[in-house]
Amino acid sequence: MRSVEVLRLVSGALQDLEPGIESRWAWTGGDDDSIGLLDFMNAAIQSVALQRPDVCAVTECILLVPGMRQSLPRRRENGSSRDARFLIELIRNMGPDGEHPGPAISSVSPALLLAWARYPAESVLVENFAYDRVTDPKVYWVYPAVPERPEVWVEMTYSAAPEPVTSPEQDFPLPPEYAEAVKHHILASIMGGDNENGNATRAAYHMQIFSSLMGMKLSVDAGWPKARGSMVPGGSA
């Protein structure tokens, strides 16, 4: 779906699409740096992505650095297509060139993996990984440690920041089922501001609906069978 479909719903709720009446809230900001609905939309999308990192999941081959301690993928250092915000899981080994699928990688607790560090070991095959999104969301650990040579590639799923929406004709960057939640977040932001649309009661109402929709989606997803490692170690997906 396109972003314009969400913007039309927001403008309709604001009664900003009446024929012959100038819109109070433009979709894009003006040359004078005035704010537009796209600015509120991007803020709402970021809020969804922070609560549900899986909606911006990327699965691809990543180059590891030597040692046990690893940082979240970056384009320059790890050959990723995006900069990662959270780790979701390491899936399997991919050989010295990222093109040879190998053994699966299992998740363990950070405490257990760091306990193994007392018995140093290196290998071109990663057996386990550990990640705690609460304690340190930018770092994860692998065992055995990655050697200096040869290169070690793994298949990984991580969450990247959503791409900003700069045009109403741009694709909506989240799954369509989150469009309604984004709409209510936008309305809550507008009505909670110091402007002619300000209304604290209505702002709270829309934010409550946003939270309810996010909770319902999480409950529905939790009811589906999950494959091994489908939840983020150290926290919920």
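Keep in mind that what you see is a predicted model, and the values were worked out from it rather than measured.
Taking both residues in full, the closest heavy atoms of Arg92 and Pro101 are given as NH1-CB, 3.5 Å, listed atom of the first, atom of the second, then distance. Summarising the geometry of Arg133 relative to Pro137, their closest heavy-atom pair is O-CB, 3.4 Å, with the distance given to 0.1 Å. Contact between Ala181 and Met214 at its shortest, heavy atoms only, is CB-SD, 4.2 Å. When all heavy atoms of Val139 and Tyr131 are compared, the closest pair comes out as O-CD1, 3.2 Å. When all heavy atoms of Cys56 and Pro162 are compared, the closest pair comes out as SG-CB, 3.8 Å. Across every non-hydrogen atom of Ser189 and Phe40, the tightest pair is CB-CD2, 3.5 Å.
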Checklist entry - Between Leu63 and Val152, is a side-chain contact (heavy atoms from CB on, under 4.5 Å) present by the stated rule, with each step listed? => result CA-CA 6 Å; Leu63 174 65; Val152 174; 5.8 Å; no
Next on the checklist: Pair Lys217, Tyr178 - check side-chain contact (heavy atoms from CB on, under 4.5 Å), show working.
Outcome noted: CA-CA 9 Å; Lys217 185 68 173 64; Tyr178 289 96; 3.3 Å; yes
Next on the checklist: If you apply the rule side-chain contact (heavy atoms from CB on, under 4.5 Å), what do you find for Leu37 with Ile190, and how did you get there?
Outcome noted: CA-CA 9 Å; Leu37 291 186; Ile190 291 175; 3.4 Å; yes
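Ser106 contributes atom OG, which lies 10.5 Å from atom CD of Glu89 (distance to the nearest 0.5 angstrom). Atom NE2 of His100 is separated from atom CH2 of Trp153 by 13.5 Å, given to the nearest 0.5 angstrom. Atoms OG1 and CG, on Thr157 and Leu90 in that order, are 8.5 Å from each other to the nearest 0.5 Å. Rounded to the nearest 0.5 angstrom, Ile91 CD1 and Phe129 CZ are separated by 9.0 Å. Atom-to-atom distance recorded for Leu9:CG and Leu14:CG is 11.0 Å, nearest 0.5 angstrom.
In the displayed structure, Glu177 atom CD is contacted under 6.0 Å by more than 12 heavy atoms of other residues, nucleotides or ligands.
You'll find the side chain of Glu180 reaches within 4.5 Å of the side chain of Leu213, heavy atoms only. With contacts defined as side-chain heavy-atom distances shorter than 4.5 Å, the pair Tyr140/Arg69 does not qualify. Taking the side chain as every heavy atom from C-beta outward, Asn78 and Leu64 never approach each other to under 4.5 Å. Side chains of Pro53 and Arg85 form no contact here, defined as non-hydrogen atoms less than 4.5 Å apart. For the pair Pro144/Val126, no side-chain contact is recorded, criterion being any heavy-atom separation below 4.5 Å from C-beta on. The shortest side-chain heavy-atom distance between Val124 and Pro96 does not fall under the 4.5 Å cut-off. For the pair Leu187/Tyr205, no side-chain contact is recorded, criterion being any heavy-atom separation below 4.5 Å from C-beta on. Put simply, the side chain of Met156 reaches to within 4.5 Å of the side chain of Leu87, judged on heavy atoms.
The pair Arg82-Glu163 meets the salt-bridge criterion, since a charged nitrogen lies less than 4.0 angstrom from a carboxylate oxygen. Salt-bridge check for Asp171 with Arg2: failed, with every basic side-chain N at 4.0 Å or more from each acidic carboxylate O.
Checked by atom type, the side-chain pair Glu60/Tyr158 shows a donor-acceptor distance below 3.5 Å.
When the ring pair (Phe, Tyr, Trp, His ring centres under 6.0 Å) test is applied to Phe210, the partners found at least two apart in sequence or on another chain are His185. In this view, Glu77 and Arg74 satisfy the side-chain contact (heavy atoms from CB on, under 4.5 Å) rule, not counting sequence neighbours.
For the pairing with Val58, the side chain to side chain contact (heavy atoms under 4.5 Å, CB included) check across Pro73, Ser80, Ser81 returns one residue only, Ser81.
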